[in-house]
Amino acid sequence: MNSFSLGELCWLFCCPPCPSRIAAKLAFLPPEPTYSVHTDTSGATSLHLTERADWQYSQRELDAVEVLVTRTSRGNRVGCMFVRCAPASRYTLLFSHGNAVDLGQMCSFYIGLGSRINCNVFSYDYSGYGVSTGKPSEKNLYADIEAAWQVLRNKYGVTPENIILYGQSIGTVPTVDLASRYECAAVILHSPLMSGLRVAFPDTRKTYCFDAFPRSAPEMTCCLNDIHSFKTVLASTKECPCQDPQHRQGVKGGVSSAGHPRHRR
């Protein structure tokens, strides 16, 4: 079992000692926001980053990043980002990021990733992350990705057969849920987890009532790639035979947690 300091244990179990809150603390580590979305008099939005975002490109690339805020079915407003790395590309990644970053910290990575694999990237922040309102929770995760999916489909007109769902770490949870409800081109799960408690305590064998995301993965019919390193992303997307009906697979059951890193404050 991973070791915790006394301060971490007190923060985890005593403030407050509610099982659902404990599970949420294990699963969600929202950072201080690293960006803001500004709206001018004409209604146009623009992205403004703080130094903590560690932007690696020029102002021209920054101005090309599209940002907006949409509302979820649970009433929260979530920030969304569209990075057009390859305007002529057929595919767009719907990227659900890890549990300790926000869109500001990820946007440089999105440009690099999309440019390498010749693919556009659409992403969103979970409730309680970045400019998104509300608090992070499992139910909000599902509503957040649903709202992002609807923006990508209805505002930008990207069809399901051209959308690749990509989930990293905690992002594999809403990714799998969305894939069980909609057809898509493919699904990539990067360091998927078995449950929230097993991330902090890998030796856990039982499933407790207060665990986060204890459910097994629902059935999906798509091309599935399970990876544990960004080094395999390029090969996964280029070699994915998702357009061949003979290779489309039904996936049902639990998701492996092998190789998943433990995130700490």
Side-chain angles (χ1 to χ4, degrees), residues 4 8 11-37 50 52-53 67-81 94-107 109-110 122-151 165-181 189-201 208-215 217 255 257 260-265:
F4 283 81
E8 287 179 312
W11 171 79
L12 181 62
F13 293 106
C14 302
C15 303
C18 172
S20 62
R21 294 292 295 274
I22 293 172
K25 289 176 182 179
L26 290 170
F28 301 107
L29 299 173
E32 289 293 323
T34 64
Y35 72 101
S36 58
V37 177
T50 69
R52 293 182 60 251
V67 288
L68 59 93
V69 177
T70 189
R71 190 173 293 276
T72 75
S73 60
R74 292 176 60 82
N76 294 327
R77 294 174 60 83
V78 294
C80 299
M81 174 180 290
L94 175 49
F95 198 110
S96 299
H97 59 65
N99 69 337
V101 294
D102 66 8
L103 290 178
Q105 293 168 302
M106 291 296 293
C107 57
F109 169 77
Y110 291 153
F122 185 87
S123 189
Y124 63 101
D125 259 338
Y126 311 129
S127 296
Y129 283 68
V131 301
S132 299
T133 62
K135 294 182 178 180
S137 70
E138 182 175 2
K139 290 182 178 179
N140 279 337
L141 278 183
Y142 303 141
D144 297 341
I145 195 172
E146 173 72 25
W149 170 270
Q150 295 301 332
V151 170
L165 303 182
Y166 189 124
Q168 180 190 6
S169 179
I170 197 72
T172 61
V173 175
T175 295
V176 168
D177 179 76
L178 191 74
S180 72
R181 295 184 286 112
L189 302 180
H190 182 171
S191 298
L193 49 90
M194 285 287 285
S195 72
L197 193 61
R198 287 177 174 86
V199 174
F201 303 96
Y208 296 93
C209 62
F210 58 84
D211 200 355
F213 326 119
R215 299 179 301 174
V255 179
S257 62
H260 188 281
R262 175 186 166 207
H263 295 290
R264 297 176 63 179
R265 285 188 180 274

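Residue indices begin at 1 and follow the sequence shown.
The two residues Ser127 and Val78 come nearest to each other via the heavy atoms OG-CG1, 4.1 Å. Residues Cys107 and Gly104 come closest through the heavy atom pair SG-O, 3.3 Å. Among all heavy-atom pairs drawn from Gly98 and Ile170, the shortest one is C-CG2, 3.7 Å. Across Arg74 and Ala143, no two heavy atoms sit closer than the pair CD-CB, 3.7 Å.
Put simply, CG on Asn99 and CG on Leu29 are 5.0 Å apart, with the number rounded to the nearest 0.5 Å. For the atom pair CG of Asn140 and CD of Glu146, the computed distance is 13.5 Å after rounding to the nearest 0.5 Å.
A donor-acceptor pair shorter than 3.5 Å can be found between the side chains of Glu138 and Tyr142.
Remark: side-chain polar atoms of Ser132 are paired, donor with acceptor, to backbone N or O of Gly79 under 3.5 angstrom. Remark: the backbone N or O of Arg77 is paired with a side-chain donor or acceptor of Thr133 at under 3.5 angstrom.
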Inset, instruction - Let me see the working for Val101 and Tyr129 under side chain to side chain contact (heavy atoms under 4.5 Å, CB included), right down to the final yes or no. - result: CA-CA 8 Å; Val101 294; Tyr129 283 68; over 6 Å; no
Inset, instruction - Test Met106 against Met81 for side chain to side chain contact (heavy atoms under 4.5 Å, CB included), laying out the working first. - result: CA-CA 10 Å; Met106 291 296 293; Met81 174 180 290; over 6 Å; no
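Proximity of Asn76 to Lys135: side-chain heavy atoms (C-beta onward) are nowhere separated by under 4.5 Å. Side-chain contact between Asp125 and His97 is present, with heavy atoms from C-beta onward closer than 4.5 Å. Annotation: side chain of His190 is not in contact with side chain of Thr172 (no heavy-atom distance under 4.5 Å). Looking at heavy atoms from C-beta onward, Ser123 lies out of side-chain contact with Tyr166 at the 4.5 angstrom threshold. At a threshold of 4.5 Å between non-hydrogen side-chain atoms, the residues Leu165 and Ile145 do not count as touching. Looking only at side-chain heavy atoms (C-beta outward), Gln105 and Pro31 come within less than 4.5 Å of each other.
Legend: residues meeting side-chain contact (heavy atoms from CB on, under 4.5 Å) with Val37, ordered by chain and number and at least two apart, are Tyr35, Thr45, Val67, Val131.
Checked against Tyr126 for a side-chain contact (heavy atoms from CB on, under 4.5 Å), the options Ser96, Ser137, Pro30 give a single hit: Ser96. Considering Tyr124, Phe95, Phe122 as possible partners of Tyr110, the one that fulfils the ring-ring contact (aromatic ring centres under 6.0 Å, His included) test is Phe95.
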